[in-house]
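Contents: one structure, followed by commentary.
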Amino acid sequence: MTDGGDRRRFLLASLGLAGVGAAGPATSSQTAGGSTEVPQWTRRQGAPVLAEAYGVPSPFEAGVVRHRRSRSALPGAGSSTTPLQDLHGIVTPNGLHFERHHAGVPAIDPARHRLLVHGLVERPLVFRMEDLLRLPSVSRMHFIECSGNSSWAEPAPGSTAGDIHGLISCCEWTGPLLSTVLAETGVGEQACWVLAEGADAAALTRSIPIGKAMDDAILAYAQNGERLRPEQGYPLRLVLPGFEGNMSVKWLRRLKLGDQPFQTREETSKYTDLMPDGTARQFTFVMEAKSVITFPSGGQRLGDRGFYEISGLAWSGRGRITRVEVSTDGGASWSDAVLQTPVLSKCLTRFRAPWRWDGATAQLACRATDETGYVQPFREALVAARGVNSGYHYNGVQSWSVALDGTVSHAP
Ligand SMILES: Nc1nc2c(c(=O)[nH]1)N[C@H]1C(S)=C(S)[C@@H](COP(=O)(O)O)O[C@H]1N2
Ligand SMILES: [Mo]
């Protein structure tokens, strides 16, 4: 292809579309019950402005919802996934952010909420929300991923991208840096760890190394331009960019500085990785590089053969994504996908790769590399290193099979 005209003819031909004439495009919408006549919704006034109301998506998008991932004996505990296969770009709309609660969503009155900062500090302080809102703040795009995301076990038949990988979401988080708040209290010389505690019935607590606390930790009160959703920690949560989601304590009410880790339940009994030799890896904070093809992906079905844009998401808890390779032949050959800019640190990156489906079976896979040079491993390497005892920190390369009839499913 040497010029734009050739490229356009190629695209139209491979899409199975006719050329665009003066009368407008003869589109495939005619086969979907549409027509090029002026439609009825153009012939009369539309619905009035939605003043004094919160806008919601089109009723035609009503199927784009979170899905339950796990249920527990306690009614408040469980998780729901983001439908990654239905989203575009890198931002997760607030109503589709995945959820993981250990004891339900508390109903917190922000006027009565307090943040206590104490322990090895020079000045113990209690902050009201209005105090935190007065501090210098940042707005940064970061993903939050549960360390239980993706699966060491074989996913159930029919699993979608969201079913397997949807315990990850990506928002713009706004609030003061934790370092700004700690500058108010002063940090004691012996302080190496920060205990963060939630105000939910789980009183979820985690120990955070002081280096992370002083680096890029955010005390977020807003996500994607509005105040946090109740299920994301309203009115205040910790966001620890790139660290396992469990440490981004929601409904944050207390920070205690100490000279050693606090050895809470969530870092002894839970969120440790049981190795084949019976020992446990503890404090495995960073979410390593991972990628997933979201189109075409499990549960979807390709129609006509011809041109498709393969698209997906890549991320790393260590920094920026530098490369995503895509294979359409089960890993026999790989080619570089285009990374959608801006490519941000500890943030989802959208990748895209052109593909012409010839109607045969195909196996699609992707693998990510981050700025530290770390390459997402294949399952065999991961299992050889860590066994299959742990439910956490799985980031192996995953494939989708495309069948002759165009249906897409998880490839074992
Ligand atoms: N206070 C509190 N913080 C919490 C939790 C919780 O149950 N209570 N769940 C943790 C876990 S395991 C994860 S993965 C993330 C999920 O954040 P999200 O629900 O906003 O997606 O919050 C973390 N912070
Ligand atoms: Mo989690």
Side-chain angles (χ1 to χ4, degrees), residues 66-72 74-84 87 91-108 113 115-116 142-151 162 165-175 194-208 217-224 226-256 262 264-267 269-273 284-287 290 315 317 348 390-395:
R66 296 186 275 224
H67 295 280
R68 182 179 298 283
R69 156 112 167 193
S70 63
R71 205 185 286 270
S72 102
L74 290 166
S79 58
S80 70
T81 54
T82 292
L84 298 174
L87 299 186
V91 175
T92 308
N94 290 338
L96 296 175
H97 197 289
F98 86 93
E99 303 165 276
R100 173 75 181 102
H101 320 307
H102 290 74
V105 179
I108 298 180
H113 186 70
L115 173 67
L116 166 65
H142 291 298
F143 70 81
I144 291 180
E145 182 182 22
C146 179
S147 53
N149 195 25
S150 310
S151 188
H165 303 289
L167 292 179
I168 186 166
S169 302
C170 186
C171 290
E172 184 199 62
W173 302 101
T174 298
V194 181
L195 179 80
E197 181 185 76
D200 53 337
L204 187 133
T205 41
R206 284 296 304 256
S207 307
I208 296 144
I218 304 170
L219 293 186
Y221 47 71
Q223 66 182 117
N224 290 336
E226 62 183 1
R227 293 299 180 90
L228 296 178
R229 291 292 170 92
E231 56 272 35
Q232 261 65 65
Y234 184 88
L236 186 68
R237 88 175 296 166
L238 196 53
V239 174
L240 294 186
F243 275 25
E244 62 184 3
N246 184 262
M247 303 176 72
S248 286
V249 175
K250 301 189 280 189
W251 312 295
L252 185 71
R253 69 177 293 270
R254 188 164 73 98
L255 296 168
K256 182 178 185 180
F262 292 79
T264 73
R265 171 186 178 275
E266 306 294 332
E267 55 206 24
S269 161
K270 308 294 176 191
Y271 300 97
T272 62
D273 312 324
T284 46
F285 301 136
V286 175
M287 299 307 294
K290 198 190 289 185
W315 61 95
L348 293 186
S390 172
Y392 303 117
H393 291 281
Y394 184 81
N395 69 327

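In each ligand, atom 1 is the first atom listed, and ligand 1 is the first ligand listed.
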| task | Using non-hydrogen atoms of the residue, decide whether S248 is closer than 4.0 angstrom to ligand 1. | result | yes
| request: Taking only Lys NZ, Arg NE, NH1 and NH2, and the carboxylate oxygens of Asp or Glu, determine whether E197 and R253 approach each other closer than 4.0 Å. | output: yes
| Could you give the distance from CG (L348) to NE2 (H142), rounded to the nearest 0.5 Å? | 11.5 Å
| Considering only protein heavy atoms, which is closest to atom 10 (C) of ligand 1, and at what distance to one decimal place? | N246 CA, 3.7 Å
| task | Just do the side-chain hydrogen bond (donor to acceptor under 3.5 Å, both in side chains) check on E172 and N224 with the steps written out, would you? | result | CA-CA 5 Å; E172 184 199 62; N224 290 336; over 6 Å; no
| task | Please could you name the atoms of ligand 1 that C146 approaches to less than 4.0 Å, counting only its heavy atoms? | result | 14 (S)
| task | Report the C-alpha distance between E145 and R100 in whole Å, list the side-chain angles of each, state the deciding distance to 0.1 Å, and finish with yes or no for salt bridge (charged side-chain N to carboxylate O under 4.0 Å, His left out). | result | CA-CA 10 Å; E145 182 182 22; R100 173 75 181 102; over 6 Å; no
| task | Output the list of atoms in ligand 1 that are nearer than 4.0 Å to some heavy atom of D200, sorted by atom number. | result | 1 (N), 2 (C), 6 (C), 7 (O), 8 (N)
| task | In sequence, state the C-alpha distance, the side-chain angles, and the governing distance for S169 and T82, and then conclude on side-chain hydrogen bond (donor to acceptor under 3.5 Å, both in side chains). | result | CA-CA 7 Å; S169 302; T82 292; 2.7 Å; yes
| Where ligand 1 meets W251 - atom numbers and elements under 4.0 angstrom, heavy-atom basis | 1 (N), 2 (C), 8 (N)
| query | Atoms of ligand 1 less than 4.0 Å from Y271 heavy atoms? | reply | 12 (S)
| request: Answer side chain, backbone, both or neither: which part of A202 comes under 4.0 Å from ligand 1, heavy atoms only. | output: neither
| message | Do the side chains of R68 and E99 get close enough for a salt bridge, i.e. N-O under 4.0 angstrom? | response | no
| Are H97 and W173 near enough that their ring centres are under 6.0 Å apart? | yes
| task | Would you mind telling me which of F285, Y271, Y394, F243 makes a side chain to side chain contact (heavy atoms under 4.5 Å, CB included) with S147? | result | Y271
| task | Output the list of atoms in ligand 1 that are nearer than 4.0 Å to some heavy atom of G198, sorted by atom number. | result | 1 (N)
| Nearest-0.5 Å distance, CD1 of residue I168 to SG of residue C146 | 10.5 Å
| said: For R237, state whether at least one heavy atom is located under 4.0 Å from any atom of ligand 1. | reply: yes
| Should the proximity of F98 to ligand 1, defined as any heavy atom under 4.0 Å, be assigned to the side chain, the backbone, both, or neither? | both
| Polar atom proximity, H97 to ligand 1 (N or O, under 3.5 Å) | yes
| field | Separation between CZ of R206 and CE of M247, rounded to the nearest 0.5 Å | value | 4.5 Å
| Subset of ligand 1 atoms that lie under 4.0 Å from at least one heavy atom of H101 | 7 (O)
| task | Just go through K250, M247, Q232 and tell me whose heavy atom is the nearest to atom 19 (O) of ligand 1. | result | K250
| Which residue and heavy atom of the protein sit nearest atom 9 (N) of ligand 1, plus the separation | R100 O, 3.2 Å
| said: Counting non-hydrogen protein atoms only, what is the nearest one to atom 23 (C) of ligand 1? Give residue, atom name and distance. | reply: G245 O, 3.3 Å
